[in-house]
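The structure appears right after this line, and notes come after that.
On a predicted model such as this, the values are computed, not experimentally measured, just so you know. The residues of the chain are indexed from 1 along the displayed sequence. Indexing begins at 1, ligand by ligand and atom by atom, following the structure's order. Reckoned from all heavy atoms, side chains included, excluding hydrogens, waters and symmetry mates.
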Amino acid sequence: MRGHPDVEIVCAPGNGGTAAFATNVAVAADDPAGVVAAARDCNATLVVVGPDAALAAGVADACRAAGIAVFGPSMAAARIESSKSFAKGLMDTAGIPNARWSTGTASDRGALMALVNELDGRCVVKADGLALGKGVTVCSDLDAARQAVGACLDGRLFGRAGDRVIVEERLEGPELSVLAVTDSRNLRLLPPARDYKRIGDGDSGPNTGGMGAMTPPPGADDALLKRVEAEVLRPCIDALAALGTPFSGCLYAGIMLTPDGMRVLEFNARFGDPETQVVLPILDEDFLELLIASAAGTVSPGIARRAMQSCAVGVVLAAAGYPGTPRRGDVISGLDRLDPSILAFHAATRRDPSSRDPGLTRGAAGGAGALRTDGGRVLTLVARGDSLEAATEQAYTALQGIYFEGMQYRNDIGMAQAGER
Ligand code: AMP
Ligand code: GLY
């Protein structure tokens, strides 16, 4: 690990990228007993629980019960992400600014539909549970809103995650993601970022898990971060502690800066993807120390230091078909020729030992065998710079050298949203 040559990393299950610097073990991230066994096997000093599904499955609880230090909240505290109705209720109780909302189920949808009608369909329909970032439909009229509610409650588009539905007033404004590492009492705020949620340029098409990210979003200065801490993050961790479910790990607030002030759209109980890919490279602090401090209860409060080159832009390269069913198994080429200043974060990639990749399987890309696509979002290419413009240009130049069949990406990552600059 950078800065920690003596640290060994084991990933469950890892991917084609982690294979280059860590040991991948065939254990699902959301299998509590499997993760505890893998941690014991390698005598782990810290388990970092990354994905939402793993937190919701109680992997952090299982590690704590086994006496293993862990970064990540308990299943109960992670409800701030795994149940949108829980999160909305907590926001109202704690006085955290959020959009007007209502909720309902297939057999009890009166209040839900009343709000849809009152808003004339200009609303956002959300599956209550985890849906890989795709459970949100932004609607402009009654037909679309009724259809979105029906798709969840009757069509079961998101399975059990959509058994309960939330409807919210549709807000307008630029978005901001603020991530903070916390030990449940102290908050250390990471550099602010923005996620590009829609599949298409100019924020068109359906929502995805995120098609790119940038830091810093225009106007997101330290004064704004301090307001987010005071009005959003602090009340959130205090309310969770008051419920007897203290939150430690990474608390993520997705915020919209509306003409009427900031409103929280969602909380996540983990590092945001792809925000983290741009936030960590410009962090001028020891990331491992931050993770350990969260687990140990010794987080030092404040705003984390940023590197001199404090702008970063990350473009997600996704497989054909995403955010629907992605095409898998295509060979990815060009990573070995990437400019060394560019970071390539792997998501859905795997090494295929049975086939050779045209002469580029070793070296920078690491590992043996062809690197293949293995799901929707495949890679994030990240460039850093003194300005967003410089970072954006470098990221797009770099991606010209990467290829896989059907590769799709947005052309406007790093650029301002409507009404900015
Ligand atoms: P969520 O997963 O709840 O953050 O929603 C995903 C995305 O949907 C957000 O990043 C926004 O782009 C959009 N969204 C969510 N809630 C609202 C809202 N109340 N008004 C407008 N857009 C929203
Ligand atoms: N970028 C949003 C998320 O990680 O859910």
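At least one heavy atom of Y252 lies less than 4.0 angstrom from ligand 2.
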Output, in order, the C-alpha distance, side-chain angles, deciding distance and verdict of salt bridge (Lys or Arg N to Asp or Glu O under 4.0 Å) for E275 and K197. CA-CA 11 Å; E275 288 94 328; K197 288 259 180 6; 5.1 Å; no
What do the steps show when you test R372 against D352 for salt bridge (Lys or Arg N to Asp or Glu O under 4.0 Å), and what is the final call? CA-CA 7 Å; R372 292 184 185 274; D352 174 8; 2.6 Å; yes
Could you give me the CA-CA distance, side-chain angles and deciding distance for R188 and S300, then say whether side-chain contact (heavy atoms from CB on, under 4.5 Å) is met? CA-CA 7 Å; R188 190 149 192 89; S300 92; 3.3 Å; yes
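Atom 15 (C) of ligand 1 has its nearest heavy-atom neighbour, among K84, K126, E81, K134, in K126. Across the listed options N98, L265, N207, L265 owns the non-hydrogen atom lying nearest to atom 14 (N) of ligand 1. Nearest to atom 22 (N) of ligand 1 by heavy-atom distance, out of E168, M256, E169, R263, is M256.
No N or O atom of E266 sits closer than 3.5 Å to an N or O atom of ligand 2.
A salt bridge links D203 with R410: the closest approach of a Lys/Arg side-chain nitrogen to an acidic carboxylate oxygen falls below 4.0 angstrom. Salt-bridge check for E118 with R100: passed, with a basic side-chain N closer than 4.0 Å to an acidic carboxylate O. Salt bridge annotation for D238-R234: present, with a cationic side-chain nitrogen under 4.0 angstrom from a carboxylate oxygen. A salt bridge does not link E175 with R194: none of the charged nitrogens is closer than 4.0 Å to a carboxylate oxygen. Between R79 and D128, none of the side-chain N atoms (NZ, or NE/NH1/NH2) sits under 4.0 Å from a carboxylate O, so this pair counts as no salt bridge. The pair E168-K126 counts as a salt bridge, with a side-chain nitrogen and a carboxylate oxygen less than 4.0 angstrom apart.
Listed by number with element, the atoms of ligand 1 under 4.0 angstrom from any heavy atom of K197 are 6 (C), 7 (C), 10 (O). Applying the 4.0 Å criterion to heavy atoms of R270 picks out, from ligand 2, the atoms 3 (C), 4 (O), 5 (O). Of all atoms in ligand 2, numbered sequentially from 1 with element shown, those under 4.0 Å from a heavy atom of D195 are 1 (N), 2 (C). Listed by number with element, the atoms of ligand 1 under 4.0 angstrom from any heavy atom of R170 are 20 (N). Short contacts between ligand 2 and D273, defined as distances under 4.0 Å to a heavy atom of the residue, involve ligand atoms 1 (N), 2 (C), 3 (C), 4 (O). For ligand 2, the atoms sitting less than 4.0 Å from at least one non-hydrogen atom of G272 are 4 (O), numbered in the order shown with element in parentheses.
Under 4.0 angstrom from ligand 1, the non-hydrogen atoms of V124 all belong to its side chain. By the criterion of a heavy-atom distance under 4.0 Å, the side chain of V136, and not its backbone, is placed next to ligand 1. With a 4.0 Å heavy-atom cut-off, ligand 1 is reached by the side chain of E175 but not by its N, CA, C or O.
Shortest contact from atom 2 (O) of ligand 1 to any protein heavy atom: E266 OE1, 3.2 Å. Counting only heavy atoms of the protein, atom 20 (N) of ligand 1 lies nearest to L171 N, 2.8 Å. Here the protein heavy atom with the shortest distance to atom 13 (C) of ligand 1 is V138 CG2, 4.1 Å.
Considering P73, S184, S74 as possible partners of P246, the one that fulfils the side-chain contact (heavy atoms from CB on, under 4.5 Å) test is S184.
Side chains of D143 and Q147: a donor-acceptor N/O pair is absent below 3.5 angstrom, by distance only.
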